[in-house]
Amino acid sequence: MSEQKLTVSLSPHVSSPDNVRRIMMDVLLALSPAALWSVYLFGFQSLRVILIGIGACVFFEYVAQRFILKVKPSVDDGSAAVTGLLLAFNLPSHIPSWMIIVGSFVAIIVAKMTFGGLGNNPFNPALVGRVFMLISFPAAMTSWPVPLLNRWKFVDAVTAATPLSVAQEGLKNGTTSQQLLSSLPSYQELFFGYRGGCLGEVSVFLLLLGGLYLLYRKVIRLQIPLAVIGSVFVFSAVLWFFNPGVNMPPVFHILTGGVFLGAIFMATDMVTSPMTVTGMVIFGIAIGILTVIIRVFGAYPEGMSFAILIMNAFVPLIDSLIKPRKYGMISHG
Amino acid sequence: MIHSILLSVLLLSGVGVLSGIILYGVAKKFQITEDPRIDDVQAILPGVNCGGCGYPGCRSFAQACVAAKDLEKLFCPVGGNACMRQVAQALGIEIIERDALIAVVRCNGSVQNRPRTNAYDGTTWCKIVHNLYTGETGCSYGCLGFGDCVKSCKFGAIKIDPVTKLPLVDEEKCVACGACVKACPRQLIELRVKGKDGHRIFVSCRNPEKGSVARKNCSAACIGCGKCFKACAFGAITMGTNLAYIDFQKCTLCQKCVAQCPTKAIHEVLHGKKI
Amino acid sequence: MEKRSKIKTFPFGGVHPPDLKHSAQRPIESLPLPTTVSIPVLQHFGAPSQPIVKVGDKVKAGQVIAQAQGFLSVNIHATISGTVTRIDEVMDVSGYKRPAITINAEGEEWVEGVDLSRALDRNIRLNREEIVKKVQQDGLVGLGGAGFPVHVKLTPVAGKQADILLINGAECEPYLTCDHRLMIEKGPEILVGVLILMKALNVAKAVIGVESNKVDAIAHLTAIARDFDGIKIVTLQTRYPQGAEKQFIEALTGRQVPVGGLPLDAKCVVQNIATAFAVYESVQKNKPLIERVVTVAGEDLKKPSNFRVRIGTSMAYLIEAAGGLPEGTGKIISGGPMMGKALNMIDIPVVKTTSGILVFGQEKSRRDPVLNCIRCARCVAHCPLGLEPYLLMNLSENERFDDAEREMAMNCCECGTCAYVCPSKRPLLDYIRLAKTFITQKRKEKAAR
């Protein structure tokens, strides 16, 4: 043994190779196909939004930890980068750079660091940033550049509304859903992402691909995405069934407005989702129902972010009410 | 119009009277008569709820005081004699004065005296380390140094000395509530008489192993040689298994034993400082 | 999502750490006798045995040197022949110095009546009561880890009758291969041992559960078991902590042991594979428990091995035989990496419950830095007992031990799965242990009042 002393510690003496950093890297990797697609659709502008989003979030986290909290900065764990990328995914590509920085500030400083950093934030930081921007800069946040147009040119983008807001406007003005559907992109286009919208929400297919990767890596579990998408589908199907004229069909609902982005990447955020499987299902279903309620009856065409944030607030309650099945609590007659 | 105003006024007054009657009845029925002196005594007590008296909090101690005939078994270590005198006065009974006590750490296995033979890596709570093994040194009886006593102290009176890695009791802040005595998994902390000018003499070791074994692990261990026992003219020192103990009730602070100890395991403290 | 495979396993929780069974293909090797052994008088769960020899006494291998004290205790035997040189305190696997008898080797004499032949003896001559008495006299304890005396589990309890005997060959801890090798090399003997246990318990059925990563052992035992009525070999999914008693019972029978209950409450008795072999040797060959198979393993070790050694042999001797202590050793563990105990020195005697000795390099020895809990819920998903380790740690950190008790901290079996899976490397189990210590202390105080 010579000079080196033996180390003594309590068992277990081994730990799994997984760590926080690897989880965050997996999330980044899973988001990258959709990110590349957004660059293809919206061009240079999209790249700008993504880089500023990630850069600003990492910068704010570093500054907050280094100079305000005076702890060792842990930006290398990748969680700030994930927040930044997710925030960017929720923005239209022509949004001014300073707005992205304001959003990042809110996401990291207000929603994350004030609560004590990674793991302690009750609300999903990227969504807090996004909702803050939606309320503060409604015009910039709700118009979307037309995809594939002028994407590599430095000119003001030609903007148009998203399918969801077109639908909401249309329904309000008395157009039936059947008429609207014919004027909107087909389901196939929606699924593969030939449409306008936030950077990340456009291609359902690529988001699914990332989701499958995360499932395979066991970073997320199936319950939440399935519950969210399923309940959006079922709930909107019920509304559509009773009144098909003034409600959009369920398939349209799940393919638009970032349902997949929210279900796979936002609602599943470990920090702000419940700890038990049953809790996750309840959480997911509630998000789905709230989303449809906000979309159909609310003022905003899109309800995903609000629904997730509202349910984030219920997570502690869910955790304290829903307990895992404990071993040995059944009696043997 | 008048009719509806009248109706609501009457209705509300009726509800008010009815609830008043119900509340009065309930209050009468479930009234708890408590000795008013309990509140008086509680007001005198320091109110830190430390549990040093052996009761869960100051209120239950106050209840015990009121119920008791004398104060023989009741003493608030935090308030001390001054506080107890007031309590006795309020209750009209005799006060039993006690010597002020202080927590004393009976281990001198500092980093210098007791070499570290291995390194513990994990959560720093003495309790779980004690359950795991001997500790970072060879001595199974000495201080582990992870500060359960520090965590237990409500008065901030104990801290771990950064140099010796042993607990250090603050003479001024310690109220002898005994929380640390309970917290130490190795029973190293004892409440002893504070002494005039903070003058105390005690054996700073709890290792009952044979002298040679104890000495191998710690140069300041009591080896049970008995020299102090022979030197003491007041019968204050008793010999346990390879271990001396000084009874603070009998010790006259004559200092004869201090010079006799070959390992300097007997500590003499004056004004809170080791001499 | 867990795959629903046909192979049996326990229903929830668990994890599959890398097997790392480097010594799986190394036959059991008998080492030359050591020159000295230190035999602790407490190697089992229960009361320490009372030494009945004096310093200077000549003893033979297999001779009783410490007598059982009461029901929950077993005899301790001399493991080599020689002279008793010391009866004092020796550092053992408990991490503390405890009474032990040290014997210096002289010659190789056995007490009379021990059958050292290798011939298989299938004829069980003792009856139920005699078997129970015999295993206590011969110092048999569960060799899986806890060291619970065998005769206690075999003694009938009024109103409770087991209907099945479960033999634990799961060996779910990484690195360890001692049971694996024993199953391959001593198959028939183990099965006879199982028959003896079945006779003692008066049950007609016995199931040997083996994890799927020991294909050769399963095939071997299944082939022999055709000659043995009532014994079945069942393949279990490789998943830690399959070998923990409660999980093992549920995996094989689907029954749960109620909180605070014993396996007998689920009509089962569980014994380890190595215990079955020791029962065979005791009952059929009249050989007390004085040796066992120990796996010595570790990445840096030159020769990871399975040794058959006498109880009381220094671990240093075993490590030497496995190629010597590697440069830069940082940690030595008695037992497996998940539940084993780190040792503060190397010169510690092997006891009845020592299944392995692991040698870790510096890098593997230190824990990773602890990060914030990211609420990934892995500890909850993997806890085989359905506890919420993150919550227990949180309560324990804030010294809310009453709440921890309400959250059933005392149910924790300390398997370490939570701390293993935690991506933030939080010391979940440390804090659960802390809560358990406080709760136990509080319960004791309450009982004393």
Side-chain angles (χ1 to χ4, degrees), chain A residues 1-24 72 74 77 79 116-122 215-216 218-223 226 268-277 279-280 315 319-320 322-332, chain C residues 1 12 15 17 174 246 255-259 261 265-266 325 328-333 337-346 358 360 362 364-368 371-377 380-381 383-388 390 408 411 414 416 419-425 427 429-430 433:
Chain A
M1 263 167 293
S2 60
E3 309 83 36
Q4 204 63 55
K5 289 175 193 161
L6 285 181
T7 304
V8 180
S9 38
L10 288 143
S11 65
H13 304 287
V14 284
S15 80
S16 80
D18 248 7
N19 54 36
V20 174
R21 192 178 166 159
R22 235 163 106 167
I23 289 173
M24 295 301 167
K72 200 169 153 267
S74 61
D77 67 16
S79 66
L118 180 64
N120 298 325
N121 47 301
L215 274 178
Y216 165 73
K218 292 188 176 158
V219 172
I220 61 170
R221 258 173 287 176
L222 197 56
Q223 281 87 358
L226 213 61
T268 55
D269 171 26
M270 292 167 168
V271 181
T272 55
S273 60
M275 299 294 267
T276 56
V277 172
M280 288 175 189
V315 166
D319 277 342
S320 65
I322 311 287
K323 294 284 172 187
R325 190 163 55 105
K326 291 197 167 57
Y327 177 94
M329 295 306 280
I330 48 161
S331 60
H332 290 266
Chain C
M1 296 268 21
F12 51 89
V15 68
K246 287 175 176 175
R255 304 172 193 165
Q256 287 197 348
V257 182
V259 170
D265 294 315
L325 196 69
T329 294
K331 198 184 251 181
I332 297 173
I333 300 161
M338 296 295 280
M339 287 187 84
K341 196 151 174 165
L343 303 173
N344 54 349
M345 53 194 282
I346 182 171
L358 305 184
F360 279 4
Q362 278 304 332
K364 269 193 104 164
S365 302
R366 305 297 293 188
R367 290 189 178 177
D368 294 320
L371 305 174
N372 280 357
C373 171
I374 58 164
R375 293 175 44 85
C376 67
V380 180
C383 177
L385 294 171
L387 303 176
E388 293 166 283
Y390 82 98
M408 309 192 50
N411 254 19
E414 307 189 7
Y420 175 85
V421 296
C422 182
S424 289
K425 311 297 169 196
L429 187 49
D430 286 12
R433 284 197 180 101

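Predicted, not measured: the structure shown is a model, and the values here were computed from it. Lettering of chains follows the sequences in order, A, B, ..., and the numbering in each one begins at 1.
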Distance (rounded to the nearest 0.5 Å) between [X] [atom1] and [Y] [atom2]:
| X | Y | atom1 | atom2 | answer |
| --- | --- | --- | --- | --- |
| Met270(A) | Ser424(C) | CE | OG | 9.5 Å |
| Asn344(C) | Thr7(A) | CG | OG1 | 11.5 Å |
| Cys376(C) | Ile220(A) | SG | CD1 | 13.5 Å |
| Glu388(C) | Lys326(A) | CD | NZ | 5.5 Å |
| Ser74(A) | Asn372(C) | OG | CG | 7.5 Å |
| Leu6(A) | Leu343(C) | CG | CG | 8.0 Å |

Checklist outcome for this item: Scanning both residues in full, the closest heavy-atom pair of Tyr327(A) with Lys246(C) reads OH-CB, 3.2 Å

Next on the checklist: If I compare all heavy atoms of Gly340(C) with all of Ser11(A), which pair ends up nearest, and what's the gap?
Outcome noted: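 Result for this residue pair: O-CB, 3.4 Å.
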
When heavy-atom pairs shorter than 4.5 Å are enumerated against chain C, which of [options] gives the highest number?
| options | value |
| --- | --- |
| Val219(A), Asp269(A), Asp319(A), Thr272(A) | Asp319(A) |
| Arg325(A), Arg21(A), His13(A), Met280(A) | His13(A) |
| Pro17(A), Gly119(A), Ser9(A), Pro12(A) | Pro12(A) |
| Asn19(A), Thr276(A), Val8(A), Leu10(A) | Leu10(A) |

Item to check | Heavy-atom side-chain contact between Pro17(C) and Val14(A) under 4.5 Å | outcome: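 Counting from C-beta outward, Pro17(C) and Val14(A) never come under 4.5 Å.
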
Checklist entry - Do the side chains of Val315(A) and Arg375(C) get nearer than 4.5 Å, heavy atoms only? => result yes

What residue, out of [options], has the most heavy-atom pairs lying under 4.5 Å from chain A?
| options | answer |
| --- | --- |
| Arg366(C), Arg433(C), Lys341(C) | Arg433(C) |
| Leu371(C), Ile333(C), Leu358(C), Val15(C) | Ile333(C) |
| Lys425(C), Glu414(C), Lys364(C) | Lys425(C) |

Checklist entry - Where on Ser273(A) is there a heavy atom nearer than 4.5 Å to chain C: the side chain, the backbone, both, or neither? => result backbone

Checklist entry - Between Ile23(A) and chain C, which part of the residue has a heavy atom less than 4.5 Å away: side chain, backbone, both or neither? => result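 When you check distances to chain C, only side chain atoms of Ile23(A) fall under 4.5 Å.
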
Next on the checklist: Determine whether Val421(C) and Asp18(A) satisfy the following criterion, side chain to side chain contact (heavy atoms under 4.5 Å, CB included), listing intermediate values before the conclusion.
Outcome noted: CA-CA 7 Å; Val421(C) 296; Asp18(A) 248 7; over 6 Å; no

Checklist entry - At a heavy-atom separation under 4.5 Å, does Pro427(C) approach chain A through its side chain, its backbone, both, or neither? => result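 Contact with chain A: none, neither part.
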
Item to check | Part of Leu385(C) lying under 4.5 Å from any heavy atom of chain A | outcome: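 When you check distances to chain A, atoms from both the backbone and side chain of Leu385(C) fall under 4.5 Å.
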
Item to check | Trace of the side chain to side chain contact (heavy atoms under 4.5 Å, CB included) decision for Ser15(A) with Asp368(C) | outcome: CA-CA 9 Å; Ser15(A) 80; Asp368(C) 294 320; 3.9 Å; yes

